[in-house]
Every structure is written in C-alpha cells, then in structure tokens.
Amino acid sequence: MLTTTPIRRAAVALLLSCALLAGATACGDDGKDASATPSGSTEAQKFAKTRFVANAGLAAGATYQWIVKPYREGRFKQGAEGRRVALVKAGLAGVFTYNRLKAAVNNAKGDPLLSKAVVPLTAGIESLKELGSKLRRGDASDADVALFESVIGDVKEAGKGAGAEVKDKVPSTSQLGG
C-alpha cells in the first residue's frame with residue numbers, strides 16, 4: 001500500500017524548488033535593458049529631485065531655526081538665558097544639516113542637470129563637518145554662522161537653477177537627535 005506522506009513531501013519540495021528558481025531568474029540582471037533599472041528611468045530622476053528638495057529643505061530649516069535665528073537673538077552669548085540648551089540644539093542642527101546636505105548631494109546624482117549644479121558645492125558642504133561640534137561647545141563666531149547661511153543659500157540657488165526649488169522645512173527636535 002502506498003503512503004501519501006512521501007508523495008506530499010516530494011510535491012512540496014518540487015513546488016518550493018520551482019518557486020526559488022522562478023524568483024532567482026526574475027531577479028537576474030543581464031544588463032541588456034537599461035530602461036528597467038531605476039537609475040535610467042524618468043521616474044527615478046523625478047524622485048531624485050524630490051528627495052533633493054526634501055533633504056535640502058530640512059537642512060535649510062534646521063539651519064535657520066536652530067542656528068541662525070538663535071544666534072541673531074543673542075542666545076549663544078555668555079550669560080544668555082537658555083544658552084546651554086540653544087547651544088546643544090545648534091550643535092545637533094549643525095550635524096543634522098551636514099547629514100541632510102550630504103544626502104541631498106547624493107540625491108542630486110540621480111538627475112543630470114541637478115548633479116552638475118550641486119557638484120561645485122561639495123567643498124562648502126564638507127566645510128560644515130566640524131561646525132556642529134563647534135556650535136555645541138559655544139565656540140561659534142559670526143563667520144561660522146555666516147558659512148552655514150552661505151552654503152544653504154548656494155544649495156538653494158543650485159536647486160532653483162536646476163528646476164528644484166528648495167523651501168525651508170523645519171525638522172522636529174526629535175529628528176535632530178535621531
């Protein structure tokens with residue numbers, strides 16, 4: 001008498017093998033169809049601009065809200081009320097801004113026009129790398145704050161020239177720390 005257990009096991013094994021084989025061949029890339037890759041499609045380029053605008057907007061909003069505005073109000077000066085909290089937030093905003101600008105430059109690589117506009121700004125963005133900790137320590141000067149404003153302004157202009165207008169978007173305090 002035949003038992004159905006070995007037949008069921010064989011059928012399940014055959015079914016799983018076919019599923020794995022079909023999945024592996026569907027994921028294969030022979031490199032012949034460039035339009036099937038995200039980097040070659042028009043949609044990916046539109047999303048690149050959208051992500052660029054979002055990241056640059058968050059960087060601009062953080063810079064204005066937690067660096068430029070408190071600095072102009074004198075919150076970083078010795079003896080100012082809430083100075084320590086303002087300095088910590090400014091430091092976090094500086095690191096956040098640097099991170100979002102780096103992400104925006106990476107996003108810009110997905111759009112030919114935008115990438116050409118942003119490439120000259122990478123040196124300015126790199127110069128922001130250490131300013132976050134400088135702000136946190138309270139060692140920031142007028143020139144440091146002006147540098148943040150200048151780099152953000154340059155990124156906004158580059159985006160505008162490439163058809164990706166950047167508007168300030170203030171991130172939440174939890175986004176700064178996360």
Side-chain angles (χ1 to χ4, degrees), residues 38-39 41-178:
S39 62
S41 72
T42 305
E43 287 182 43
Q45 290 176 0
K46 287 181 185 175
F47 289 135
K49 272 188 179 179
T50 303
R51 290 191 314 254
F52 169 82
V53 168
N55 283 319
L58 284 169
T63 298
Y64 180 75
Q65 183 70 27
W66 285 294
I67 297 172
V68 175
K69 187 175 160 187
Y71 187 80
R72 287 183 181 160
E73 293 171 352
R75 289 196 211 155
F76 297 160
K77 291 182 180 174
Q78 196 74 10
E81 187 175 329
R83 178 178 186 258
R84 187 171 294 184
V85 172
L87 287 172
V88 168
K89 284 184 180 180
L92 290 172
V95 172
F96 179 84
T97 297
Y98 173 76
N99 182 293
R100 292 298 86 207
L101 288 175
K102 292 292 285 185
V105 168
N106 284 337
N107 297 142
K109 291 176 184 175
D111 181 73
L113 183 61
L114 193 55
S115 66
K116 289 177 187 173
V118 175
V119 166
L121 305 176
T122 54
I125 292 169
E126 282 301 316
S127 68
L128 299 179
K129 191 172 190 173
E130 298 300 320
L131 287 181
S133 59
K134 197 173 187 180
L135 283 165
R136 203 173 316 141
R137 290 189 312 263
D139 297 337
S141 65
D142 290 338
D144 295 327
V145 174
L147 181 61
F148 266 104
E149 283 185 293
S150 173
V151 170
I152 293 295
D154 291 346
V155 169
K156 283 181 168 183
E157 283 300 313
K160 188 175 182 179
E165 189 172 348
V166 176
K167 296 184 181 189
D168 293 9
K169 183 177 182 202
V170 179
S172 67
T173 310
S174 62
Q175 284 178 306
L176 287 181

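Being a predicted model, the structure only gives us computed values, none of them experimental. Counting from 1, the numbers follow the sequence of the chain as shown.
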- Item | Test item: K89 side-chain N/O and L176 main-chain N/O as donor-acceptor pair under 3.5 Å | no
I'd like a table of donor-acceptor pairs (distance under 3.5 Å, sequence neighbours excluded) in which one partner is a side-chain atom from residues 113-130, with atom names and distances.
| unit_1 | atom_1 | unit_2 | atom_2 | d |
| --- | --- | --- | --- | --- |
| S115 | OG | D111 | O | 3.2 |
| S115 | OG | P112 | O | 2.9 |
| T122 | OG1 | V119 | O | 3.0 |
| E126 | OE1 | Y98 | OH | 3.4 |
| E126 | OE2 | Y98 | OH | 3.2 |
| E126 | OE2 | K102 | NZ | 2.7 |
| S127 | OG | G124 | O | 2.5 |

- Item | Heavy-atom pair of closest approach, residues G159 and F52 | CA-CE2, 3.8 Å
- Taking all non-hydrogen atoms of both residues into account, name the closest pair between G74 and A80 and its distance. O-CB, 3.4 Å
- Item | With K69 via side-chain contact (heavy atoms from CB on, under 4.5 Å) - residues at least two apart | Y64, Q65, E73
- Message: Can you pull out every side chain to side chain donor-acceptor pair (under 3.5 Å) where at least one residue sits in residues 140-153? Sequence neighbours excluded, please.
- Response: Y71-D142, R72-E149, K134-D144, S141-D144
- Query: side-chain hydrogen bond (donor to acceptor under 3.5 Å, both in side chains) with D139: which residues, sequence neighbours excluded?
  - Reply: R137
- Item | R75 side chain vs R83 backbone, donor-acceptor pair below 3.5 Å | no
- Looking at side-chain heavy atoms only, is the closest gap between V105 and L101 below 4.5 Å? no
- State the CD1-CZ distance between I67 and F148, to the nearest 0.5 angstrom. 4.0 Å
- Message: Within the structure provided, determine whether R84 and L87 are in side-chain contact (heavy-atom separation under 4.5 Å).
- Response: no
- With sequence neighbours left out, write down each residue that passes salt bridge (charged side-chain N to carboxylate O under 4.0 Å, His left out) with E157, or none if nothing qualifies. none
- Task: Considering non-hydrogen atoms only, spot the tightest contact between A60 and D168 and give its length.
- Result: CB-OD1, 3.2 Å
- By side-chain hydrogen bond (donor to acceptor under 3.5 Å, both in side chains) - contacts of N107 (at least two apart): N55
- Query: Where do A56 and V155 come nearest, in terms of heavy atoms and distance?
  - Reply: CB-CG1, 3.9 Å
- Minimum-distance pair of heavy atoms, taken over all atoms of A93 and A62: CB-O, 3.9 Å
- Message: With heavy-atom distances below 4.5 Å as the criterion, would you say the side chains of T97 and W66 are in contact?
- Response: no
- So which heavy atom on A90 is nearest to which on L135, and how close? O-CD1, 3.7 Å
